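Each residue takes its place number in the sequence, starting with 1. In this text the structure is predicted, and so the values were computed from the model without any measurement. Only this structure's heavy atoms are used, side chains among them; waters, hydrogens and symmetry mates stay out.
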Amino acid sequence: HPHYLPEIAVKVTLLNFMITVVGLQDQLLNIVVQAERPELAEEKARLVIEGAENKAQLEETENKILHVLQTSQGNILEDETAINVLSSSKALSNKIAAKQEIAEETEKQIDEARLGYVPVAFKTAIL
């Protein structure tokens, strides 16, 4: 089962011939929402990309912190570089956490709107 970057996954529809009815309904739901409410589909795709970017930023920040901890000599509380890295990391982490809260709320609203199209996806999957 191939893994794609989020930017590619939201733009490509993979067809699995061993698909279940639920999987087919989900794919059809995505297609129906894209046709009927493209702004919802675009927003959902944007949220996926933003989430991946946030995750990458957090990982990069973790790596910076680990590097500072490894290279620090003596008392870390006296190392101004380490303190600056930790401070900026904390600020970035808080900023990303706030973005993720907003993204989760937006995604809930999108999913609620998508629920209105579930009957269409269900009936289409039966065909």
Applying a strict under-4.5 Å side-chain criterion to I, L, V, M, F, W and Y, I'd like to know whether [X] and [Y] cluster together.
X: L86; Y: L66; answer: no
X: V118; Y: L40; answer: yes
X: L77; Y: V85; answer: yes
X: V33; Y: L115; answer: yes

Flag yes if more than 12 heavy atoms outside E59 fall under 6.0 Å of its CD atom; otherwise flag no. no

Identify the heavy atoms of P38 and A35 that sit nearest to each other, and give their distance.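 So the two residues come closest at CD-O, 4.1 Å.
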
Heavy-atom pair of closest approach, residues Q25 and A121: O-CB, 3.4 Å

[atom1] of [X] to [atom2] of [Y]: how many Å apart, nearest 0.5 Å?
X: L29; Y: L24; atom1: CG; atom2: CG; result: 11.0 Å
X: L28; Y: T124; atom1: CG; atom2: OG1; result: 5.5 Å
X: T106; Y: E43; atom1: OG1; atom2: CD; result: 6.0 Å
X: Q109; Y: R114; atom1: CD; atom2: CZ; result: 14.5 Å
X: I49; Y: N54; atom1: CD1; atom2: CG; result: 12.0 Å

Would you call [X] and [Y] a side-chain contact if the rule is heavy atoms closer than 4.5 Å?
X: K44; Y: D111; value: yes
X: L47; Y: I110; value: yes
X: E80; Y: I83; value: no
X: K90; Y: N94; value: yes

Checking I31 against Q34 for the side chain to side chain contact (heavy atoms under 4.5 Å, CB included) test, could you report, in this order, the C-alpha distance in whole Å, the side-chain angles of both residues, the deciding distance, and whether it holds? CA-CA 5 Å; I31 292 169; Q34 178 65 39; 5.6 Å; no

Indicate yes or no for a side-chain donor-acceptor contact from S72 to the backbone of L69 under 3.5 Å, with no hydrogens or angles considered.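 Here the side-chain-to-backbone pair does not exist.
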
Does any N or O in the side chain of S93 come within less than 3.5 Å of the main-chain N or O of S89, such that one atom is a donor and the other an acceptor? no

Using a strict cut-off of less than 4.0 Å between a Lys/Arg side-chain nitrogen and an Asp/Glu carboxylate oxygen, indicate whether K64 and E62 qualify as a salt bridge.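 No, this pair does not count.
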
Assess whether a salt bridge exists between E50 and R46, defined as any Lys/Arg side-chain N lying under 4.0 Å from an Asp/Glu carboxylate O.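 Salt bridge between E50 and R46, a charged N being under 4.0 Å from a carboxylate O: yes.
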
